[in-house]
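Accompanying notes for the structure given below.
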Amino acid sequence: MTTTRPYPTLAVGRFDLSGTRDDHVRRMSGAPARTDARAHPIFAFVGALGGLPLPIKDLSTSLGLDFDAGPVLARCRIAVARPLLVDRVYTVTPQIDRIERKPSRRYGHADHLHLEIALDDDTPFTTIALHIIFPAEEAAT
Amino acid sequence: MTRSDTPFGPVSGPDMADWCALLNDDNQIHLTREAAEAAGFGPHRVNPGPANLAYLMSALMADDPDREITAVDARFVGNVLEDDHLVARTDGDEATLLRDGAPVVTATFTFGEPE
């Protein structure tokens, strides 16, 4: 069942993709060293969450989702229009696609948040579609 | 492209704090062993999901630095804990992150010229 309520417009944020941050992510993930201005592709995800104007916990809570119950990242789909580049600041635009409350074998019921976040710099760079599952106590009314 | 296995680990607990800082995520299961244990993970911090996907991407980049990732569809089917040893298995456009032989992330990648 899809919750039929108007979703709020989410504030736009910014993400500073510095060369230092890229170097650090490459070291932590075992990536080859950067050879040009292209950043590690995980920044489509890191910049999306890291550039939100508020932490994902606060965003979730503001939507009525129970972050403290232990959300589970289920799936992400990333589309790259052009590679993200280091030493640029990107505009981060989140949008709620939908929130669904469904029966769950694991939790009884669960809220499914489908959130899309785009990174652009006047022109589009990346879009990520996130599916995050939050345990919920009862069926939607 | 033939199948390739890239070992990774041990997964660093302190790195989890750095990932969380980048992600602006203060979920305590990534930051303290006490919170992880209270959530049923035992006394081991839980790696943030994006870090697990990054390991797969990095393995693909090491396999062929000239390939450009233009799309990813990743499913997160298990957890990675601190001190884990992992294997990033890549096979063409498919990649799987394995923990003790079991998948924790499965992903399909598309390569080519960005649109």
Exercise for the section: For A:Arg27, look at atom CZ and say whether over 12 heavy atoms of other residues, nucleotides or ligands are found less than 6.0 Å away. Expected result: yes
Exercise for the section: Kindly indicate, with the supporting measurements, whether the criterion side-chain contact (heavy atoms from CB on, under 4.5 Å) is fulfilled by A:Val80 and B:Glu68. Expected result: CA-CA 9 Å; A:Val80 180; B:Glu68 197 75 60; over 6 Å; no
Problem - Main-chain N/O of B:Ser58 paired to A:Ser29 side chain as donor or acceptor, under 3.5 Å - result: no
Handout entry: Student check: side-chain heavy atoms of B:Leu53 and A:Ile78 closer than 4.5 Å
Key = yes
Handout entry: Contact summary for B:Met61 and A:Pro41, nearest pair of heavy atoms
Key = SD-CD, 3.7 Å
Handout entry: Rounded distance (nearest 0.5 Å) linking atom CG of B:Asp26 with atom CZ of A:Phe67
Key = 7.0 Å
Handout entry: chain B contact via A:Leu52 - which portion, at a heavy-atom distance below 4.5 Å
Key = backbone
Fill in the blank from the handout: Of A:Cys76, A:Pro124, A:Ala129, the largest count of non-hydrogen pairs under 4.5 angstrom with chain B goes to A:Cys76
Exercise for the section: To the nearest 0.5 angstrom, please state how far the CG atom of B:Asn27 sits from the CG atom of A:Leu73. Expected result: 11.5 Å
Completion exercise
Output for pair (B:Leu22 CG, A:Phe45 CZ), nearest 0.5 Å, gives 12.5 Å
Problem - Spatial distance of atom CZ (A:Arg21) from atom CG (B:Asp18) [nearest 0.5 Å] - result: 11.0 Å
Handout entry: Proximal component of B:Ala51, with respect to chain A [non-hydrogen, under 4.5 Å]
Key = neither
Practice task
Heavy-atom distances under 4.5 Å only: say whether A:His131 touches chain B with side chain, backbone, both or neither.
Solution key: neither
Practice task
Kindly work out whether a path of hydrophobic side-chain contacts (I/L/V/M/F/W/Y, heavy atoms less than 4.5 Å apart) joins A:Ile99 to A:Val72.
Solution key: no
Problem - Gap separating the CZ atom of B:Phe76 from the CD1 atom of A:Ile133, nearest 0.5 angstrom - result: 12.0 Å
Handout entry: Interatomic distance, B:Cys20 atom SG to A:Ile56 atom CD1 [nearest 0.5 angstrom]
Key = 12.5 Å
Practice task
State yes or no: do B:Val104 and B:Ile29 share one hydrophobic cluster built from I, L, V, M, F, W and Y residues joined by side-chain heavy-atom distances below 4.5 Å, directly or via other members?
Solution key: no
Exercise for the section: Measure across B:Phe8 and A:Met28 and return the closest heavy-atom pair with its distance rounded to 0.1 Å. Expected result: CZ-O, 3.2 Å
Practice task
Flag the pair B:Met57 / A:Val25 as yes when at least one side-chain heavy-atom distance between them is below 4.5 Å, and no otherwise.
Solution key: no
